[in-house]
Amino acid sequence: MAVLCYIINILAPFTNALGLFGLLLACSRSQWSVLYIAIPFAIIGLIFGILAYSRDIPPRWFWSRSANEIFSFSVTAVLGYAITFAAYPLAWYIASDFISLIS
């Protein structure tokens with residue numbers, strides 16, 4: 001699980017940024033189906049965040065020197081993983097939109 005968390009945390013800055021732009025694009029186009037897909041991912045992220053916090057793995061390893069040093073509250077650690085997981089379908093949406101635009 002620690003390796004999976006490490007991979008997720010490495011990709012999180014990119015997927016969160018793309019997810020934010022994907023959220024703005026989906027809202028501007030009124031394509032709510034993409035947001036309906038992000039909700040189950042956020043729930044999975046909540047469950048994953050609870051498991052990761054119980055194993056003392058913070059959402060961003062490079063933000064703290066020891067496990068859960070900055071994220072002393074479990075709510076912030078769990079929400080960090082939920083936001084990261086919810087950003088994946090939104091990042092996929094904007095990436096696929098960009099790819100279809102250039103091809």
Nearest 0.5 angstrom please: [X] [atom1] to [Y] [atom2], how far?
| X | Y | atom1 | atom2 | result |
| --- | --- | --- | --- | --- |
| L46 | L51 | CG | CG | 11.0 Å |
| L20 | T15 | CG | OG1 | 11.5 Å |
| L90 | F41 | CG | CZ | 10.0 Å |
| I39 | I37 | CD1 | CD1 | 10.5 Å |

**Asked** Is there a side chain to side chain contact (heavy atoms under 4.5 Å, CB included) between L23 and L35 once you walk through the steps?
**Response** CA-CA 8 Å; L23 175 68; L35 300 177; 3.3 Å; yes
**Item:** Heavy-atom pair with the smallest gap, counting every atom of A42 and A86
**Value:**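 Answer, listing the atom of A42 first, then A86: CB-CB, 3.8 Å.
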**Prompt:** What's the shortest heavy-atom distance between V34 and P89, and which atoms?
**Reply:**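 Reported closest heavy-atom pair: CG1-O, 4.3 Å.
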**Prompt:** Hey, quick one: are I83 and Y88 part of the same hydrophobic cluster, counting side-chain heavy atoms closer than 4.5 Å, chains of contacts allowed?
**Reply:**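 Result: no, two separate clusters.
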**Request:** Say whether I7 and F14 are linked into one hydrophobic cluster, either directly or through other cluster members, by side-chain heavy-atom distances under 4.5 angstrom.
**Result:**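 No, because I7 and F14 fall into different hydrophobic clusters, even though each may have its own neighbours under 4.5 Å.
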**Asked** L11 and T84: side chain to side chain contact (heavy atoms under 4.5 Å, CB included), yes or no, with the steps?
**Response** CA-CA 9 Å; L11 297 175; T84 300; over 6 Å; no
**Note, I43 side chain near P40 side chain (heavy atom, < 4.5 Å)** =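 The answer is no, as the side chains (C-beta and beyond) never meet within the 4.5 Å cut-off.
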**Partners meeting ring-ring contact (aromatic ring centres under 6.0 Å, His included) with F48 (sequence neighbours left out)** =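 Checked F48 against ring-ring contact (aromatic ring centres under 6.0 Å, His included); matches are Y81, F85.
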Please tabulate, for side-chain N and O atoms in residues 95-103, each donor-acceptor pair with protein atoms closer than 3.5 Å (sequence neighbours left out).
| residue | atom | partner | partner atom | Å |
| --- | --- | --- | --- | --- |
| S96 | OG | W92 | O | 3.0 |
| S96 | OG | Y93 | O | 3.0 |
| D97 | OD1 | R29 | NH1 | 3.0 |
| D97 | OD2 | R29 | NH2 | 3.3 |
| S100 | OG | S96 | O | 3.3 |
| S100 | OG | D97 | O | 2.9 |
| S103 | OG | I99 | O | 2.9 |

**Message:** Can you pull out every salt bridge (Lys or Arg N to Asp or Glu O under 4.0 Å) where at least one residue sits in residues 74-85? Sequence neighbours excluded, please.
**Reply:**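 Residue pairs with at least one partner in residues 74-85: there are none.
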